[in-house]
Amino acid sequence: TVTLQLEFVLHAAPDRVWNVVGDPGRTDWVPGVASCEFDGSVRRFVMQGAGRLSERILLRDAARRRLEYTVIESRPPLTSHHAAIQVDAHPEGALLRWETAVEPAAVEPFIRASMEGAIARLRQVLDAASS
């Protein structure tokens, strides 16, 4: 299992960041999403160029601003996957910590690129909302 631990400082209040990343049905900050359905426990994506992806929401704690999820359907299938997003206060706004443990290790570059792409898009979403 490979574990990625990425941290990003965002120039927005923690609650504003959480309102985006803590809403499992919201995908405007995730690049490549053609469509998404969320039934309250599982979100099912259709990703441009990657097909179907399903994630089970394991924890959504608004008081702690923490979301945990696991991929339950992907192509190619993952042996294991667990991710957590944590949003905390930071002197410049918010600190977003995103940790993903995934197997097989060969998908690490793809997962890292996806996480970094999502944060770049999140910055755009937050900037657009503040202007």
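Here, residue 1 is the first one in the sequence, and each next residue gets the next number. Computed from a predicted model, the values in this text were never measured in an experiment.
Linking Ile, Leu, Val, Met, Phe, Trp and Tyr residues whenever their side-chain heavy atoms come within less than 4.5 Å leaves Tyr69 and Val2 in two separate clusters. In the hydrophobic clustering of this structure, Phe45 groups with Met115; members are Ile, Leu, Val, Met, Phe, Trp, Tyr whose side-chain heavy atoms approach within less than 4.5 Å, directly or through other members. Under a hydrophobic-cluster definition in which Ile, Leu, Val, Met, Phe, Trp and Tyr are linked whenever side-chain heavy atoms come within less than 4.5 Å, directly or via other members, Val42 and Val21 are assigned to different clusters.
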Enumerate donor-acceptor pairs with a distance under 3.5 Å from any side-chain N or O in residues 101-108 to protein atoms, sequence neighbours excluded.
unit_1, atom_1, unit_2, atom_2, d
Glu103, OE1, Thr1, N, 2.5
Glu108, OE2, Arg112, NE, 2.9
Glu108, OE2, Arg112, NH2, 3.1

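Ala113 pairs by the side chain to side chain contact (heavy atoms under 4.5 Å, CB included) definition with nothing, not counting sequence neighbours. Checked against side chain to side chain contact (heavy atoms under 4.5 Å, CB included), Ala118 has the following partners two or more places apart in sequence or in another chain: Trp29, Pro31, Trp98. For the side chain to side chain donor-acceptor pair (under 3.5 Å) test, no residue two or more places apart in sequence or in another chain qualifies with His11. The salt bridge (Lys or Arg N to Asp or Glu O under 4.0 Å) search around Arg52 returns none, not counting sequence neighbours. Residues satisfying the side chain to side chain donor-acceptor pair (under 3.5 Å) criterion with Glu116, sequence neighbours excluded, are absent altogether. With sequence neighbours left out, Arg64 forms a salt bridge (Lys or Arg N to Asp or Glu O under 4.0 Å) with Asp61. Taking Arg26 as the reference, Asp28 meet the salt bridge (Lys or Arg N to Asp or Glu O under 4.0 Å) condition, with sequence neighbours excluded. Residues passing the salt bridge (Lys or Arg N to Asp or Glu O under 4.0 Å) test with Asp15, sequence neighbours excluded: Arg65. Residues meeting the side chain to side chain contact (heavy atoms under 4.5 Å, CB included) test with Ala34, sequence neighbours left out: Val46, Gln48.
Under the 4.5 Å side-chain criterion, counting only non-hydrogen atoms from C-beta, Leu96 is in contact with Leu122. Between Val30 and Arg121, the closest side-chain pair of non-hydrogen atoms is not below 4.5 Å.
To the nearest 0.5 Å, atoms CZ (Arg66) and CG (Asp88) are separated by 9.5 Å. Remark: Leu67 CG to Gln86 CD distance equals 10.0 Å, nearest 0.5 Å. Between Leu6 atom CG and Arg97 atom CZ the span is 12.5 Å, to the nearest 0.5 Å. Taken from CG in Asn19 to CG in Leu126, the straight-line distance is 10.0 Å, to the nearest 0.5 Å. Note that the NE2 atom of His81 and the CZ atom of Arg56 stand 14.0 Å from one another [nearest 0.5 Å]. How far CG of Leu78 is from CD1 of Ile111: 6.0 Å, rounded to the nearest 0.5 Å.
Ala94 and Pro14 make their closest contact through CB-CA, 3.8 Å (heavy atoms, listed as atom of the first residue, atom of the second, distance). In terms of heavy-atom proximity, Leu58 sits nearest to His82 at CD1-CD2, 3.4 Å. The two residues Cys36 and Pro24 have their closest heavy-atom pair at SG-O, 4.4 Å.
In this structure, Val9 shares a hydrophobic cluster with Leu95, the cluster being traced through Ile, Leu, Val, Met, Phe, Trp and Tyr side chains under 4.5 angstrom apart.
Residue pairs that meet the salt bridge (charged side-chain N to carboxylate O under 4.0 Å, His left out) test with at least one member in residues 34-46, sequence neighbours left out, are Asp39-Arg44, Arg43-Glu55.
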